[in-house]
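Contents: one structure, followed by commentary.
Positions are given from 1, in the same order as the sequence printed here.
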Amino acid sequence: QVQLVESGGGLVQAGGSLRLSCAASGRIFSINGMGWYRQAPGKQRELVATITSGGSTNYADSVKGRFTISRDNAKNVVYLQMNSLKPEDTAVYYCNAEVLTLVLNTRRYLEVWGQGTLVTVSS
């Protein structure tokens, strides 16, 4: 039973900043990739940023240069620092992790999702 819990969402004016956090807990042996996704009203969920266990990052073009993903492997936490926020960044943000856990008494990687945290950017 692995859980991801996001926090840090809220209301911010355009140009402002927010820092999202996502903590993983449960039967975790290790975490490989972690990432952030978002879903705006009427749109499909899209990838925002990913980070590997080694620290390599990847960003959607729409957030490149404004958002920074990072992780604390000791705490099993991934962060998303969001700067220069725009109204079009408004969405529910979900974290994702590739978690090595126990499945049918076997260690396997599973993709786990958090419940989401709402980010609203006003103009």
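Looking at E6, its side chain does come within 3.5 Å of a backbone N or O of G116 through a donor-acceptor pair.
Shortest non-hydrogen contact noted between D89 and R38 is OD1-NH1, 2.9 Å.
Atom CG of N32 sits about 4.5 Å away from atom CD of E98, to the nearest 0.5 Å. The OG atom of S70 sits 10.0 Å away from the CE atom of M34 when rounded to the nearest 0.5 Å. With rounding to the nearest 0.5 Å, the separation of OG in S30 from CG in N76 is 9.0 Å. L20 contributes atom CG, which lies 9.5 Å from atom SG of C95 (distance to the nearest 0.5 angstrom). L100 CG to S53 OG: the interatomic distance, rounded to the nearest 0.5 Å, is 11.5 Å. Note that CD1 of I31 and OH of Y109 are 9.5 Å apart. Values are rounded to the nearest 0.5 Å.
Taking the six-membered ring for Trp and the full ring otherwise, the centers of W113 and Y37 sit less than 6.0 Å from each other.
Counting heavy atoms from C-beta outward, M82 and S17 have side chains that stay 4.5 Å or more apart. In this structure, the side chains of I28 and T101 stay at 4.5 Å or more apart for every pair of heavy atoms. Under the 4.5 Å side-chain criterion, counting only non-hydrogen atoms from C-beta, N83 is not in contact with F67. Taking the side chain as every heavy atom from C-beta outward, N96 and E111 approach each other to under 4.5 Å. By the 4.5 Å heavy-atom criterion applied to side chains, V92 and T117 are not counted as neighbours. The shortest side-chain heavy-atom distance between R66 and Y59 does not fall under the 4.5 Å cut-off.
A donor atom on one side chain and an acceptor atom on the other are not found under 3.5 Å apart for E46 and Q39.
There is a path of hydrophobic side-chain contacts, each under 4.5 Å, that joins V2 to I51. Cluster membership for Y94 and V48, using ILVMFWY side-chain heavy atoms within less than 4.5 angstrom, is not shared.
Judged by a 6.0 Å distance limit and a 45° cone about the ring axis, R71 is not positioned over the six-membered ring of Y79.
Contact check on D61 versus K64 returns a salt bridge, with a Lys/Arg side-chain nitrogen under 4.0 Å from an Asp/Glu carboxylate oxygen.
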Run the numbers on T120 and V12 for side chain to side chain contact (heavy atoms under 4.5 Å, CB included), then give the verdict.
CA-CA 6 Å; T120 303; V12 64; over 6 Å; no
